[in-house]
Each structure stands twice: as C-alpha cells, then as structure tokens.
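What follows is a single structure, written as structure tokens, with notes after it.
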2 protein chains.
Amino acid sequence: MVQENTVKNITIADVAEALGVSKTTVSRAISGKGRIGAETREKVLDYIEEHNYTPNVIAKSLAQSKTYNIGVMIPSEYDIIDLPFFQSCLFGIQEIAATMDYDILLTISKPEDTSQLERIVTNRKVDGVILMRTFVDDKQAKMLAKRGIPFATVGGTNVKEAIQVDQDHQSACKELTSILLMKKMKRIALVGGDEKHVVTQKRLKGYLDAFKEAHIPVTEDLIYLGMNNPVLLDQKIEEILKKGADCIISMDDALCGSVLKKLRAEHVKVPQDIKVASFYNSSVLENNVPSITSLSFDEKELGMVACRELMNAIEDKEINRATTLGYQVILRESTLQA
Amino acid sequence: MVQENTVKNITIADVAEALGVSKTTVSRAISGKGRIGAETREKVLDYIEEHNYTPNVIAKSLAQSKTYNIGVMIPSEYDIIDLPFFQSCLFGIQEIAATMDYDILLTISKPEDTSQLERIVTNRKVDGVILMRTFVDDKQAKMLAKRGIPFATVGGTNVKEAIQVDQDHQSACKELTSILLMKKMKRIALVGGDEKHVVTQKRLKGYLDAFKEAHIPVTEDLIYLGMNNPVLLDQKIEEILKKGADCIISMDDALCGSVLKKLRAEHVKVPQDIKVASFYNSSVLENNVPSITSLSFDEKELGMVACRELMNAIEDKEINRATTLGYQVILRESTLQA
DNA sequence: CTGAAAGCGCTTACAG
DNA sequence: CTGAAAGCGCTTACAG
C-alpha cells in the first residue's frame, strides 16, 4: 500500500529490524527449521505477508549450496522435432517441479556432446538432471554419474547411478507382436530407428519374445533398424514388400508416416495388401486413413514420475531406482483382417 | 592431476592465496574488468586453467544481482502439442543463449495465469523473459512490463515495453490469398483458431488486404475463427461446403489436418473439388496426399533473433524494438488448377 | 596497477 | 526459545 516503488526489495534484515528480532529468528520463521516460539513466528509471518516480502532465492542458494533448479536435457536430433513426446513429458516435469518451488533449466544438445551439460553442472546451476532419452553407450549419463550429481533417465540405461523411469516398451512390443501373430500374420517386418537408443533395443527384444513364446520362427530377414534416413527407408520398404511381408511395425509415428507415404506411392493398400502398426499414438498420424493400430503411453505421467523421483533423490529421501509404467494397445483399421 | 576428489571446489580465495595476490586481482583477471597488469593476469589465468577452477555462478549472481538465466514461457494450450514450432524456436534460443553463457529457465502455463511467471520473477531467477506466444489482451506481457523486467515476445503485441520479434503473418497471408485469387478462386474460406491470439488477427488482416487490393468483395460469410473444437469445425466445414467455397485456407497444420479429414469423410476431393492451403509447412502434413500448399517460416531463426535482442536489452546495449522476419509461399498439389 | 574491506541476502553451528 | 557472528564465493567502490 504505502510502498511507492518496486526498486528496492525488502530483505530479511529489514524485517528483523522492523520487528526488533534477529535475522536468525526471521529466517527460522520462514523456513520452519529450528525452534521458534509460536507467537514470534506468527508475528514474522504476518509482517512478511503484509509487506509482501519474498526471499532472494539466489542468496538462499549460495548459503545452502542449492539452486532449486533441475536440468532437463533434450537431445537435438532431427527426428525429435516430430514427436510431441518431449513436450508432453515436459509438462509433467514442470507440474511436479513447480509444486516444490523448483524450476526447469532446459538444455539441448547432441547425445555425444557433453559440453552443454558440463556447463550447467560446473556452473553449479542445477541440483540434479533429467535425461529425456537414453543411449546404449550414454556419455551424458556416465558423465553425471562420475560427477556424482543425481539424475533420472527417461528410458532405461545400464549406468547404475541413474534413477530410471521407463515405459514398458519391451512388453508393449511383445504384446502387439503377439496379437498380430494370433491374427495369423506370418511375415511381420520391424522397422526402427537408431540402434544406439536403448528403447530401440527394448522393442526389438519384445518383438523377438513374442515369436519365441508363440513357438514361431522369427522373421529375422524382416528386421530393419537404423532407418533414420528417408531414402534408405524407401529402399528397404521395397525390399520388405518383395520379401512378401504381410505386416510392418514401425517404432514411431514419424517413421510410420514415412512408411505409409511409401506404401501409397507403391499403390499398396492398407490394410488389404499389408497391415501396419505403430508406436506412440500421437497426433502425427491422427488424421490418417485408415486409422493406425498403435501402442499408447502416458508421457505426462512419465515426466511426473521422473521429476518426483529426482526430487526425492536431491532431498535424500527414499527413491525407486527403477520405475516401469504401463501401456495400451489400440487396435484400429490398419490391422483389420480382410 | 594431483586432485584426488571432486568434493571440494576451488575458489577465488584459493587461487589468490596460492598466487600471493588478492582476491580482487583474481576477480579482475577473470572478468577482464578493471585495470590489471598483463603479467599478473597471465599468471592468474594460467593457474586457473591448470587447476581447472570454475567460478561459482551463484556467488557471482548474488554479488551482481544477475542470474544468467532467461525465462522462456510456453503456453500450455492443448493444441500446442501438435506444432513443432516451439521446439524449433527453442533450439534457436538455446543456441544464442549458450554462447553468452546464459541458460534457459523453462516455464509452461495458461496465458491467463501469471503465477508461474510471477514465481520466477519474484524469486529473481531470471534476468529477462521470452514469451513464445502473444495474446490480444496479454496478461503476462502486461505483468512483465509493470514489473519492469526486460522481455521479448515471439509475435506482435501492443504492450509497448516488449521487444517484438515476429514473422510477417499478415504479408504472408495476404500473398497467399492474392495468389489464390489470381488463380481465379472466388470463394475462399478462412478457418482459424483462437481470436485472442495476435497472430490470428494478423492473418485475418492479410486475408482481407488481399481482397481489397484485388478490388474483389470479401467473402465475409466464409470467415470462421475460433475453430479450436473439432466437432464445431466439422460442422462449419459442412457449412462451408454448402456455401460453395472453392478453397479453404487453414491457419495452422493441425487445423488443416482436421479439415482434410473431414473432407475425406465427405468424399470431397482435393484439389479437384476444393483447394486447400495451410500455414507452417510442418511435419504434421508432410505425408499428406496430395501435398499441401503452405506458408513456411524459419522458426529457429525466430528464436535466435528473440534471444539476441533480449540479451542486448539485458546488457543495456542497443536493441531493435521490433523485428519482422520473412516467409515463403510453397505451392503444391492441393491448390493445383483442374 | 593492486589490495583491504564492505557488501550481495541468506543459513547455520554455537552459545546462552 | 533467541541472537551474534561467521560463512557461502563472488564483485566493486575506495584508497593507495
């Protein structure tokens, strides 16, 4: 009310002086730590409420050696742009972080490049980090482990210091494949991206599991990984068609989009001539005709869990070293029997 | 080399003591500010290089009342998920910020909700902010202006304190509309999203401009804004078809995707029965058959410029109050003449 | 060109 | 239950 300008921020010292108590007391009233009389506490709290005092987080940071920031690392690979995955996940992270008064420091870089991550770590700008994607040989995870800073990974990793939060891609892919096998498909092609992604390996394993469980020999010749290149993909799709596949599982919707495009170009009809299934159930394929059978995951939940576990680690609370979230199989026109 | 563990970080005081100089001198050697002998500076720089000293940014922050963070606000509206726009833009921001040793503090919230933004501002966690989307009555921009913190907007705004960086949606939409008019289309429908977005208004203006310039009466009855609801949109598309439109311009690719879906459902062929054009040229429609005529913008560039200008403002350098970036019109099958 | 000292705004043993 | 004082690791007038 009486405050004329916002130039000068009120500090803990101002409050202490105004109330005739020590800074220690004010600090304790605010933080809730340490013994303090209920009456004194009330008095302080009322005062700061009225004069809307807000603590200087930077000063707090310095005194406590904490930043109240968590780093979030997004890989800058081109295909990422296409997937709404990261955005949904980020929403979840932010939602949890905000309730704990933490903020998100965003970093984007290539997975082999640890420099951005090193920067925020050596600059002491974060208390922990979340890696949004894991790799088979994960430089970033290793670096964080070596430096001893708490971190969570979205996706599995063999770096044991990590707090892992993952969707069950293996079971998901296994169930999808099993269903397709039960639908009497014999030659099911699997098309995937970078083999260095842990998630690619998990899906492959699920695919193989399904065959094993059904006692059907795996169609090894129909497994195509590393299909990040559209030209290469087109070429391999032709190969797949020649080999007489009756179904193609794509490991993500962007990939599946490219597959569908190629099939159209080749005048191969879905699902009449060949069945198609995908991962993610994202908006990328939302408008496709026919509708596409897909595996669906809750990405926001994934972000929330990762953030919550990381916060627990930062605050030395109990944590789950590894959490696995569920999935849904959504059957649609693209795998309909003739 | 000799360092056995990373537990204890080396400080400016350690360096000073080891070298027999004052902390002031060390500080000056590092920052480059203030007079200092070339020889002394060398000595200090060599030492910190060798012992890989890294400054504590938090301490620096407190002393300078600077955070070396910029806040980036992403609106949490559902349709955002679909557009790769923000991700590309973020890449650009990060690229510039990193070179200046700044980091990105990410915030996500509803446009009417200023609480998240207030939090990072009152917590003094950022030196400036970038708003990734503007609104006709922009609460967040107004709040930042009132608080006197430097900010840039991606998109236009009437809040004069803002540093505006925008794509020329008005000219883009005008040129697209003009081309369609020249192609002898008479009844061009315009379908757009939220009228409260500044960008929606700009596109509308461009559309109207084109008619005016061509001395053709505007097809007012074919303008449909606020089409964020799929059910509503479907209904309006039927209306548009009944009214005999020969073309539909959609204000973004997600919207256009829904339009195309509805047209397919109604067995209306593109481009034979009706032409279609869109904005953004994003991956969302990449695989559509026919290919879709679209306006294309350089989103990464947009982020880079916004970030650069904001940094200049923060460091009290000269700034451009408003920057407008170009666009491309990409003509494809969806507007081909019969 | 260099340094002693105060200051940024908090927290936290330690003592009472 | 409360406080004086030291400390977090920098920067920056001020003086020499």
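Residue numbers begin at 1 in each chain, while the letters A, B, ... track the order of the sequences.
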In whole Å, I'd like the distance from the [atom1] atom of [X] to the [atom2] atom of [N].
{"X": "B:K33", "N": "D:dA13", "atom1": "NZ", "atom2": "P", "answer": "10 Å"}
{"X": "B:I30", "N": "D:dC10", "atom1": "CD1", "atom2": "C1'", "answer": "9 Å"}
{"X": "A:I12", "N": "C:dT12", "atom1": "CD1", "atom2": "P", "answer": "11 Å"}
{"X": "B:K43", "N": "C:dC1", "atom1": "NZ", "atom2": "C1'", "answer": "13 Å"}
{"X": "B:L62", "N": "D:dC10", "atom1": "CG", "atom2": "P", "answer": "12 Å"}
{"X": "B:I10", "N": "D:dG9", "atom1": "CD1", "atom2": "C1'", "answer": "13 Å"}
{"X": "B:I58", "N": "D:dT11", "atom1": "CD1", "atom2": "C1'", "answer": "15 Å"}
{"X": "B:K60", "N": "D:dC8", "atom1": "NZ", "atom2": "C1'", "answer": "17 Å"}

With a 4.5 Å heavy-atom cut-off, do [X] and [Y] have their side chains touching?
{"X": "B:P150", "Y": "B:I163", "value": "no"}
{"X": "B:T134", "Y": "B:V154", "value": "no"}
{"X": "A:R124", "Y": "B:T54", "value": "yes"}
{"X": "A:M73", "Y": "A:R133", "value": "no"}
{"X": "B:E118", "Y": "B:V121", "value": "no"}

What nucleotide among [options] has an atom nearest to a side-chain atom of [X]?
{"X": "A:A63", "options": "D:dC8, D:dC10, C:dC8", "value": "D:dC8"}
{"X": "B:Q64", "options": "C:dG9, C:dT11, D:dT12", "value": "D:dT12"}
{"X": "A:S27", "options": "C:dT11, D:dG9, D:dT12", "value": "C:dT11"}

(message) Let me check I have this right: for DNA chain C, each base becomes ., (, ), [, ] or |, based on Watson-Crick or G-U pairs with both distances under 3.5 Å. What is the full string?
(response) |||.||||||||.|||
(request) Rounded to whole angstrom, note down the C1' distance from D:dG16 over to D:dT12. (result) 16 Å
(message) Can you see whether A:E299 engages A:Q167 through a side-chain donor-acceptor pair at a distance of less than 3.5 angstrom?
(response) no
Protein-nucleotides 2-4 of chain C N/O pairs closer than 3.5 Å?
residue : atom : partner : partner atom : Å
C:dT2   : OP1  : B:T40   : OG1          : 2.7
C:dT2   : OP2  : B:G37   : N            : 2.7
C:dT2   : OP2  : B:T40   : OG1          : 3.0
C:dG3   : OP2  : B:S22   : N            : 3.2
C:dG3   : OP2  : B:S22   : OG           : 3.3
C:dG3   : OP2  : B:T25   : OG1          : 2.6
C:dG3   : N7   : B:R28   : NH2          : 2.9
C:dG3   : O6   : B:R28   : NH1          : 3.4
C:dG3   : O6   : B:R28   : NH2          : 3.1
C:dA4   : N6   : B:T24   : OG1          : 2.6

(message) Does a side-chain N or O of A:Y53 approach OP1 or OP2 of C:dC10 to a distance below 4.0 Å, or not?
(response) yes
(request) Measure the spacing between CG of B:N312 and CG of B:N320 and express it to the nearest 0.5 Å. (result)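 If I round to the nearest 0.5 Å, the distance is 8.5 Å.
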(message) Does B:K196, at its NZ atom, have more than 12 non-hydrogen atoms belonging to other residues, nucleotides or ligands within less than 6.0 Å?
(response) no
(message) Looking at B:E112, I want to see if its CD is surrounded by more than 12 non-hydrogen atoms of other residues, nucleotides or ligands under 6.0 Å.
(response)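 Yes, CD of B:E112 has more than 12 neighbouring heavy atoms, counting only those of other groups under 6.0 Å.
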